[in-house]
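It should be emphasised that the depicted structure is a prediction, and the values quoted were computed from it without experimental measurement. Within every chain, numbering begins at 1; the chains are lettered A, B, ... in the order of the sequence lines, protein sequences first and strands thereafter.
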Amino acid sequence: MGSRIPPVKGTRDVLPLDIYKDSDEPWLRIGHYQLIESAARTTFPLYGYREARTPILERTELFARGIGEATDIVGKEMYTFDDGAEGKSVSISMRPENTASLVRAYVQHNVQQSEPETKWWYLGPMFRRERQQKGRYRQFTQIGVEAFGSQGPRIDVEQIEMLHRWLTALGIPFAMHLNTLGDGETRPRWKAALQDYLRAHQAELTADSVARIETNPIRVLDSKFDKPEILEGAPRIDAFLSDAARAHFDGVKEGLTRLGVPFVVDPRLVRGLDYYTRTTFEAIATEGLGAQSTVAGGGRYDGLVKQLGGGDVAGVGFAAGVERLALLCAAAGREASSRPVLFIAPLGEAEEKKADELAQSLRAAGLGVEVSLRRANVGNMMKRADALSARFALVLGGDEITSGRAKLKELKTGAQHEVSLTDLVAALGQLS
RNA sequence: GUGGCUGUAGAUCAAUGGUAGAUCACUGGACUGUGACUCCAGGUGUUGCGGGUUCGAGUCCCGUCAGCCACCCCA
């Protein structure tokens with residue numbers, strides 16, 4: 001008589017089931033996640049990235065210092081609690097992103113000493129307490145990479161090319177947007193100039209934009225509600241770039257062009273996290289995601305390692321939203337599937353025992369085999385084989401056991417092949 | 001956090017304020033020897049939840065929760 005316990009708001013189950021919330025909204029299945037993850041697992045190591053895992057829980061301080069106290073993520077979206085288990089209270093948060101954690105691990109283990117140039121990739125759930133909408137959930141999954149210790153533009157280029165390759169392999173329609181935020185001095189100087197300009201035009205701006213002059217003036221440039229001529233007249237970052245920062249950005253653009261990676265320079269591309277410097281980039285889906293169309297975003301964070309107690313080590317990384325990618329894969333009908341090679345339908349008790357033994361030996365040979373576990377007529381068992389999308393079905397009755405031969409039915413074509421039960425492995429290998 | 005829309009069977013949706021239904025899916029049977037076609041049978045639904053109005057509420061009103069979409073922000 002228990003009542004149902006509802007799931008936590010903004011979280012969702014990912015099942016191997018064909019569940020549709022409504023007719024034109026494909027529900028995410030595990031197969032969509034697996035497709036994206038396996039593409040990452042095969043692509044990233046080609047570029048020398050190795051997987052790293054860090055805890056979901058970190059001290060709140062890490063995110064406050066790493067991501068920025070003033071950001072929305074840290075200011076109001078983290079799941080934070082006090083952990084008093086060791087006598088004194090420590091503030092703990094569930095990670096809202098993974099870069100700060102990886103930098104902490106990098107510093108913690110003095111990786112700089114043993115491997116000055118390091119490339120890591122990661123995968124896992126992140127948590128932000130936001131109001132959900134399409135492609136945005138409170139628990140979501142990110143796949144990302146970080147490259148530590150390389151200064152020049154070639155690593156930026158290599159990483160963007162890798163992101164391009166991965167998304168292309170997944171069949172995602174996207175455009176790569178590219179910008180530079182300049183080095184450590186550029187951004188504050190540009191920001192100040194922008195604020196001066198916007199304050200001078202306050203009277204003509206919307207209330208939202210006026211409020212953002214102080215909090216996030218760069219975002220004002222992205223406003224959809226203000227007069228374009230005001231936004232276009234704003235000071236551009238170009239005028240504030242140092243020679244070194246400009247040369248770096250030119251190097252990135254030249255490298256991408258040389259490797260044939262398409263991109264668009266987008267001066268309004270701003271990354272929200274405080275740690276970004278110089279190169280920033282975003283892969284933006286060109287269809288299918290509504291307002292949450294950024295599918296991957298990243299850039300340089302040259303000061304972050306030092307800020308978190310390490311050496312003066314450069315970094316570049318990106319993070320991709322798996323749910324957003326999965327929605328696009330779902331819309332395109334692309335999905336990883338695991339289907340059995342063979343479904344065995346035994347007709348009686350003795351046949352069931354024989355079927356179990358056959359299945360065991362086939363599985364030992366690496367073949368996926370499903371055995372009917374319920375006693376039913378052949379038609380129903382065939383129906384089950386069909387539902388599982390088995391490649392072949394085999395009916396096992398008394399005749400087959402005494403003769404040692406059976407008919408292997410290929411479900412897609414309906415063709416039947418007579419085979420010997422003793423070398424089913426070879427027969428299946430030959431047919432598939 | 002702000003705003004808009006929506007909550008009825010596993011799914012998609014019906015039901016003038018008056019007996020809660022259809023289709024698909026699922027299970028079984030027709031059919032102890034072969035799935036997709038056909039026919040038949042099978043539903044104990046907290047109508048999201050809680051109040052209110054009414055002789056009577058799935059339907060009207062209020063609240064609340066959840067989902068969706070947008071703002072904000074971000075992957």
Side-chain angles (χ1 to χ4, degrees), chain A residues 1 3-4 6-12 15 17-25 27 36 67 71-77 96-99 125-144 163 206 208-209 211-212 215-216 219 222-225 270-273 282-285 289-298 317-327 343 345-348 351 372 374-390 392-400 406-416:
Chain A
M1 284 294 257
S3 54
R4 291 184 180 186
V8 171
K9 180 171 178 161
T11 65
R12 49 179 55 205
L15 305 173
L17 287 178
D18 211 11
I19 297 174
Y20 286 80
K21 194 64 186 165
D22 61 59
S23 50
D24 38 300
E25 192 66 33
W27 193 253
I36 289 154
I67 300 171
T71 60
D72 280 11
I73 293 178
V74 171
K76 52 191 195 193
E77 294 175 359
E97 55 97 89
N98 210 175
T99 297
M126 311 295 158
F127 304 84
R128 294 180 198 172
R129 198 174 181 289
E130 296 181 279
R131 188 93 166 250
Q132 74 266 31
Q133 67 188 73
K134 189 180 194 127
R136 192 174 75 183
Y137 313 105
R138 288 185 170 190
Q139 176 174 336
F140 61 104
T141 313
Q142 283 190 334
I143 293 180
L163 174 59
T206 57
D208 272 356
S209 291
R212 275 187 283 179
T215 58
N216 196 350
R219 276 281 171 199
D222 231 352
S223 167
K224 304 171 189 77
F225 306 106
V270 186
R271 314 254 54 245
L273 281 38
E282 267 184 24
I284 299 176
L289 278 180
Q292 310 299 322
S293 58
T294 297
V295 125
F318 68 74
V322 176
E323 282 74 14
R324 291 180 186 178
L325 293 171
L327 280 168
F343 184 90
L347 295 180
E351 290 92 332
S372 178
R374 63 164 189 245
R375 191 78 57 81
N377 70 37
V378 175
N380 291 327
M381 290 194 283
M382 291 302 288
K383 206 178 266 186
R384 178 69 181 153
D386 193 38
L388 290 167
S389 321
F392 299 97
L394 186 154
V395 175
L396 195 64
D399 295 350
E400 282 78 7
K407 287 192 195 118
L408 206 51
K409 179 167 185 174
E410 190 168 3
L411 288 171
K412 199 171 175 186
T413 61
Q416 306 228 39

Inset, instruction - Sort and list the pairs that fulfil side chain to side chain donor-acceptor pair (under 3.5 Å) and have at least one residue in residues 376-388 of chain A, not counting sequence neighbours. - result: Asn377(A)-Asn380(A)
Legend entry - Span that lies between the C1' atom of A70(B) and that of U16(B), in whole angstrom: 35 Å
Legend entry - Val378(A): partners by side-chain contact (heavy atoms from CB on, under 4.5 Å), with sequence neighbours left out: Leu347(A), Met382(A), Val395(A)
Legend entry - Any residue meeting salt bridge (charged side-chain N to carboxylate O under 4.0 Å, His left out) with Arg375(A), in chain and number order, not counting sequence neighbours: Glu352(A)
Inset, instruction - For Arg138(A), enumerate each residue passing the side-chain contact (heavy atoms from CB on, under 4.5 Å) test, keeping only those at least two apart in sequence or located in another chain. - result: Lys9(A), Tyr79(A), Arg129(A)
Legend entry - A30(B) versus C37(B) - spacing of their C1' atoms, nearest Å: 15 Å
Inset, instruction - Indicate for each nucleotide in nucleotides 70-75 of chain B, in 5' to 3' sequence, whether protein heavy atoms under 4.0 Å reach the base (B), only the sugar-phosphate (S), or nothing (-). - result: BBBBBB
Inset, instruction - State which residues pass salt bridge (charged side-chain N to carboxylate O under 4.0 Å, His left out) with Lys407(A); sequence neighbours excluded, sorted by chain then number. - result: none
Inset, instruction - Heavy atoms under 4.0 Å is the rule here; annotate nucleotides 23-36 of chain B 5' to 3' with B where the base is hit, S where only the sugar-phosphate is, and - elsewhere. - result: -----SS-S-BBBB
Inset, instruction - Considering only atom C1', compute the distance from U19(B) to A57(B) and round it to an integer number of Å. - result: 15 Å
Legend entry - Sugar-phosphate, base or nothing in reach of Gly298(A), heavy atoms under 4.0 Å: nothing
Inset, instruction - Rounded to the nearest 0.5 Å, what's the gap from CG on Leu411(A) to CZ on Phe392(A)? Could you check? - result: 9.0 Å
Legend entry - Same-atom distance (C1') from C26(B) to A9(B), integer angstrom: 12 Å
Inset, instruction - Check the pair Leu327(A), Leu289(A) against side chain to side chain contact (heavy atoms under 4.5 Å, CB included), reporting the backbone distance first and the verdict last. - result: CA-CA 8 Å; Leu327(A) 280 168; Leu289(A) 278 180; 3.9 Å; yes
Legend entry - Contiguous Watson-Crick or G-U pair runs (3 or more, under 3.5 Å) in RNA chain B: B:1-7 with B:65-71, B:10-13 with B:21-24, B:26-30 with B:38-42, B:48-52 with B:60-64
Inset, instruction - Determine the interatomic distance between C1' on G3(B) and the same-named atom on A75(B); round to the nearest Å. - result: 24 Å
Inset, instruction - Would you please name every residue forming a side-chain contact (heavy atoms from CB on, under 4.5 Å) with Thr206(A), sequence neighbours left out? - result: Asp208(A), Ser209(A), Phe225(A), Asp226(A)
Legend entry - Pairing residues for Glu77(A) by the salt bridge (charged side-chain N to carboxylate O under 4.0 Å, His left out) criterion, not counting sequence neighbours: none
Inset, instruction - Tell me, please, which residues at least two apart from Glu323(A) pass salt bridge (charged side-chain N to carboxylate O under 4.0 Å, His left out). - result: none
Legend entry - Rounded P spacing from A11(B) to G45(B) in Å: 15 Å
Inset, instruction - Determine the Euclidean distance between corresponding P atoms of G7(B) and A25(B); express it in Å to zero decimal places. - result: 25 Å
Legend entry - Nearest-angstrom distance, P atom, G10(B) to U44(B): 12 Å
Inset, instruction - Please name all residues satisfying side-chain contact (heavy atoms from CB on, under 4.5 Å) with Lys76(A), sequence neighbours left out, ordered by chain then number. - result: Asp72(A)
